[in-house]
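In what follows, a single structure is set out as structure tokens and then discussed.
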Amino acid sequence: MAVERASERLVELLTRDGAVQEQWVAAVAASLGGRISRAELERELSDLYQALLQALDKGGLDWQDEAYSEVRALLVELSRSRARHGFTPTETAVSVFAGKDVLEPTADSTAEDTAAYLQLARLFDALGLFTIEAYARTREEIISAQAEQLLELSTPVVKLWEGVVAVPLVGTLDSARTQVVMEKLLQSLVDSESEHAIIDITGVPAVDTEVAQHLLKTVVAARLMGAECTISGIRPQIAQTLVALGVQFGDIVTKATLADALRHVLQHSGAALPSGGDR
Amino acid sequence: MSDRVPVLKIGQVLLVSIQVDLEDQIVLDLQDDLAERIVATGANGVVIDITALEIVDSFVGRMLANTAAISRMLDAETVVVGMRPAVAITLVELGLSLGGVRTALTLEKGLALLERDRTARTGRP
């Protein structure tokens with residue numbers, strides 16, 4: 001059968017003079033510019049080379065075949081490590097495609113060899129695409145993991161005073177984050193029996209109508225639970241934007257700085273303040 | 001016969017602690033009972049404790065606002081205490097801000113609030 005002959009011939013070509021693997025490594029090393037150690041590269045590619053030989057030996061040129069499971073596993077591992085180390089997709093794919101270039105037919109190749117090479121090229125193309133897919137998947141996993149971490153990190157509720165909690169918001173607010181902030185703040189009101197909450201938005205670069213809406217909802221929800229909310233840290237540009245957008249905070253207390261908000265809350269709750277703090 | 005929510009009297013305050021899922025009929029019965037008890041006892045404060053309430057719908061939200069309005073008409077101030085965060089968020093999402101209903105975090109704070117009010121109104125403790 002043609003496929004069997006072609007794969008047999010390819011095994012012969014690949015093992016022809018024992019230099020194929022070396023040339024492959026050399027080609028990849030040149031493209032990666034020494035950002036990965038030669039020894040590591042050699043280990044990776046020799047594993048891949050051996051697995052590929054075995055797969056070809058078992059016959060078949062279909063990369064989805066059972067015989068190629070070892071090759072696929074190695075490629076996934078390779079693209080994962082590339083993605084983690086910050087290599088570009090091209091630099092990842094080159095590790096596979098370089099193997100193809102090494103075997104490129106020369107002028108004195110027979111017609112049969114050229115035909116076999118074309119089969120191999122098709123196989124390598126498929127494997128290259130598979131590598132990129134694995135690479136993209138890994139990158140997406142990294143991104144979603146980071147987004148999750150950011151969500152957890154970015155919403156601390158701190159106790160400022162007896163009965164006063166504050167949430168310093170840092171970074172861009174979206175619906176998901178505001179939802180988390182809202183729940184955490186309300187829960188901490190219950191846990192600490194605090195009657196006052198301060199939402200500080202000094203670290204928020206931009207506020208649009210949606211975010212303002214979320215803030216309003218948080219304040220109203222806190223009121224429903226029997227706590228007062230103060231919004232502080234509204235920067236001049238943000239105040240201008242909010243007015244331009246037609247957002248009105250109504251009877252919600254807003255202060256320029258966290259210190260002002262705390263002073264207001266303490267005066268409101270009747271706590272004793274150090275003298276000289278009239279404002 | 002459906003469950004009824006007990007209305008308890010503590011001094012000048014009536015305490016309603018909701019411990020069951022609020023079906024519409026229970027809510028309506030409660031409104032009747034409460035109005036009658038306010039008149040019968042001459043109470044000047046009502047505390048509705050919803051600490052155990054996990055699920056609300058717009059009907060319950062409206063009931064709270066209505067009850068507060070009825071009580072005020074009968075010269076009793078209403079405080080809703082112990083609302084859970086999830087319940088508060090639900091009410092806000094439903095667009096119910098319970099205007100006119102006073103709220104407090106805990107039963108203790110709610111009673112203290114009524115006490116302060118009474119002192120302010122009558123000028124004596």
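Below, chain A is the first sequence line, B the second, and so on; all start at residue 1.
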Subject >> Residues that A/F97 engages under ring-ring contact (aromatic ring centres under 6.0 Å, His included), provided they are two or more places apart >> reply: none
Original post:
What is the minimum heavy-atom distance between A/M225 and B/P85, and which atoms define it?
Top reply: SD-CA, 3.8 Å
**OP:** Could you tell me which non-hydrogen atom of B/A88 sits nearest to which non-hydrogen atom of A/A221, and how far apart they are?
**Re:** CB-O, 3.5 Å
Subject >> Part of residues 70-95 of chain A lying next to chain B, heavy-atom separation under 4.5 Å >> reply: none
Original post:
What is the distance from atom CE of B/M83 to atom CG of A/L186, rounded to the nearest 0.5 Å?
Top reply: 11.0 Å
Original post:
Any idea which heavy atoms bring A/L224 and B/L96 closest together, and the distance?
Top reply: CD1-O, 4.0 Å
Between chain A and chain B, which N and O donor-acceptor pairs fall under 3.5 Å? A table would be great.
residue: A/E193; atom: O; partner: B/K109; partner atom: NZ; Å: 3.4
residue: A/K217; atom: NZ; partner: B/E93; partner atom: OE1; Å: 3.2
residue: A/R223; atom: O; partner: B/T103; partner atom: OG1; Å: 2.3
residue: A/M225; atom: O; partner: B/L105; partner atom: N; Å: 3.4
residue: A/G226; atom: N; partner: B/T103; partner atom: OG1; Å: 3.1

Considering only distance and modelled atom types, tabulate donor-acceptor pairs under 3.5 Å from the side chains of residues 235-242 of chain A, sequence neighbours left out.
residue: A/R235; atom: NE; partner: A/T202; partner atom: O; Å: 3.3
residue: A/R235; atom: NH2; partner: A/V204; partner atom: O; Å: 2.7
residue: A/T241; atom: OG1; partner: A/Q237; partner atom: O; Å: 2.6

